[in-house]
Amino acid sequence: KAIKDYSEAITLNPRIAFPYKNRGIAYKKSGNYQQAIEDFNMAIKLNPQDRVSYNNRGNIHLRLGNYQEALEDYVQAIKLNPYSAILYFNRAVAYEKINNFTQAIKDYDKAIELNHEYAYAYSNRGLAYEKSGNYQEAFNNYNAAIKLDPSDTITYYNRGMLHIKSGNNPEAVKDFRIAEIGRAHV
């Protein structure tokens, strides 16, 4: 229904970016990524300041494994809105996908600077630290994430895996139990 309505709006006035962007979002939600990218391309062509379209197109590229294209879209979105924690978070995820943990950590730092209660940013930064071999910072970030969101079973699981790497199996078991109990309640 939404796709049909936005298509009708585009037919009535094909020079407005808004219906392309919204139809792109609807296509993205339905899994039609190629059509979504085409609509985001048109929305950006009509409104080069549309950071939402850059971000959404970046998210699709990330999902499809087109990491360089995702990074380019996130860079552009951040230029348009340098105060959005989610944009830095998304770009950090893309940097992680290409194993650039140093840059990923910098972007997670910025996301956390912009939103001190961004539990996922702490959790993901912990994972980036872990992958880069800095276990102490990984623990610090997992702990911060759990303090902000004690229901995040993934962070407990990741911290448990780090406990195993660190040779602390009893703590790992505790984290795995919490993660398993949390999953049972989801």
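Just so it is clear, the structure is predicted and the values come from calculations on it, not from any experiment.
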Straight-line distance of Tyr6 OH to Tyr27 OH, nearest 0.5 Å:
12.5 Å
After noting the C-alpha distance and the side-chain angles of Arg23 and Gln35, does the key distance pass the side-chain contact (heavy atoms from CB on, under 4.5 Å) rule?
CA-CA 9 Å; Arg23 187 174 70 178; Gln35 189 60 52; 4.2 Å; yes
Do Asn59 and Tyr74 pass the side chain to side chain donor-acceptor pair (under 3.5 Å) test, and can you show the C-alpha distance, the side-chain angles, and the key distance before you say yes or no?
CA-CA 9 Å; Asn59 291 343; Tyr74 297 140; 2.6 Å; yes
Distance col, row Asn158:CG vs Ile146:CD1, nearest 0.5 angstrom, shows 9.0 Å
Heavy-atom check, side chain of Leu64 versus side chain of Ile37, under 4.5 Å
yes
For Glu130 and Asn134, test the side chains for any donor-to-acceptor distance below 3.5 angstrom and give the result as yes or no.
no
What about Leu114 and Ile78, same hydrophobic cluster or not, with Ile/Leu/Val/Met/Phe/Trp/Tyr joined at side-chain heavy-atom distances under 4.5 Å?
yes
Sorted by chain and number, sequence neighbours left out, side-chain contact (heavy atoms from CB on, under 4.5 Å) with Val173 holds for Arg177
Taking the side chain as C-beta and beyond, is there a heavy-atom pair between Asp149 and Glu117 under 4.5 Å?
no
Distance, nearest 0.5 Å, that separates CD of Glu69 from CZ of Arg57
9.5 Å
Excluding sequence neighbours, so at least two apart, what forms side-chain contact (heavy atoms from CB on, under 4.5 Å) with Lys131?
Glu96, Phe101, Leu127
Could you work out the complete set of other residues in the hydrophobic cluster of Tyr122, with links drawn between I, L, V, M, F, W and Y side chains under 4.5 Å apart?
Ile112, Leu148
Sequence neighbours excluded, which residues qualify as ring-ring contact (aromatic ring centres under 6.0 Å, His included) partners of Tyr88?
none
How far apart are the closest heavy atoms of Ala138 and Gly126, and which atoms are they?
CB-O, 3.3 Å
Verify the cluster assignment for Ile25 and Ile60: are they in a single hydrophobic cluster under the rule of side-chain heavy atoms below 4.5 Å apart?
yes
Which pairs with one or both residues in residues 148-178 pass ring-ring contact (aromatic ring centres under 6.0 Å, His included), sequence neighbours excluded?
Phe139-His163, Tyr157-Phe176
To the nearest 0.5 angstrom, please state how far the CG atom of Leu162 sits from the CD atom of Gln136.
9.0 Å
Heavy-atom pair with the smallest gap, counting every atom of Asn47 and Ala17:
CB-CB, 3.7 Å
Could I get the full list of ring-ring contact (aromatic ring centres under 6.0 Å, His included) partners for Tyr108, not counting sequence neighbours?
Phe89
Distance-only donor-acceptor check, side chains Asp73 and Asn55, under 3.5 Å
no
Using a side-chain heavy atom cutoff under 4.5 Å and only I, L, V, M, F, W and Y, what cluster partners does Tyr20 have?
Ile10, Met42, Leu46
What distance do Ile178 atom CD1 and Ser151 atom OG have between them, rounded to the nearest 0.5 Å?
12.0 Å
To the closest 0.5 Å, what do you measure between CZ (Arg91) and CG (Asp107)?
4.0 Å
Taking the side chain as every heavy atom from C-beta outward, state whether Lys79 and Arg51 have any atom pair closer than 4.5 Å.
no
Give a yes or no on whether Ile154 atom CD1 has more than 12 heavy-atom contacts from other residues, nucleotides or ligands under 6.0 Å away.
no
Minimum heavy-atom distance between Lys174 and Glu171, given as atom pair plus value:
NZ-OE2, 3.0 Å
Going through the distances and angles, do Asn32 and Ser30 end up as a side chain to side chain donor-acceptor pair (under 3.5 Å)?
CA-CA 6 Å; Asn32 188 341; Ser30 73; 5.4 Å; no
With ring-ring contact (aromatic ring centres under 6.0 Å, His included) as the rule and sequence neighbours excluded, what pairs involving residues 30-71 come up?
none
Could you tell me whether Asp39 and Lys21 have a side-chain N and a carboxylate O separated by less than 4.0 Å?
no
Set of residues satisfying side-chain contact (heavy atoms from CB on, under 4.5 Å) with respect to Thr11, sequence neighbours excluded:
none
Check which hydrophobic residues are tied to Ile16 through side-chain heavy-atom contacts below 4.5 Å, counting indirect links as well, and list them.
Phe18
Please answer: with hydrophobic residues joined when any side-chain heavy atoms are less than 4.5 Å apart, are Tyr120 and Tyr95 in the same cluster?
yes
So do Ser123 and Asp152 actually touch side chain to side chain, heavy atoms under 4.5 Å?
yes
My understanding is that a hydrophobic cluster links ILVMFWY residues whose side chain heavy atoms are under 4.5 Å apart, including indirect links. Using that, what else belongs to the cluster containing Ile105?
Tyr129
Please tell me if the side chains of Leu62 and Leu71 come closer than 4.5 Å, counting only heavy atoms from C-beta onward.
no
Go through the structure and list residues passing side-chain contact (heavy atoms from CB on, under 4.5 Å) with Glu72, not counting sequence neighbours.
Gln68
Using every non-hydrogen atom in the two residues, find where Gly160 and Asp175 come nearest and quote the distance to one decimal.
N-OD2, 3.5 Å
So, for Ala70 and Gly58, which heavy atoms are closest and what is the spacing to 0.1 Å?
CB-O, 3.4 Å
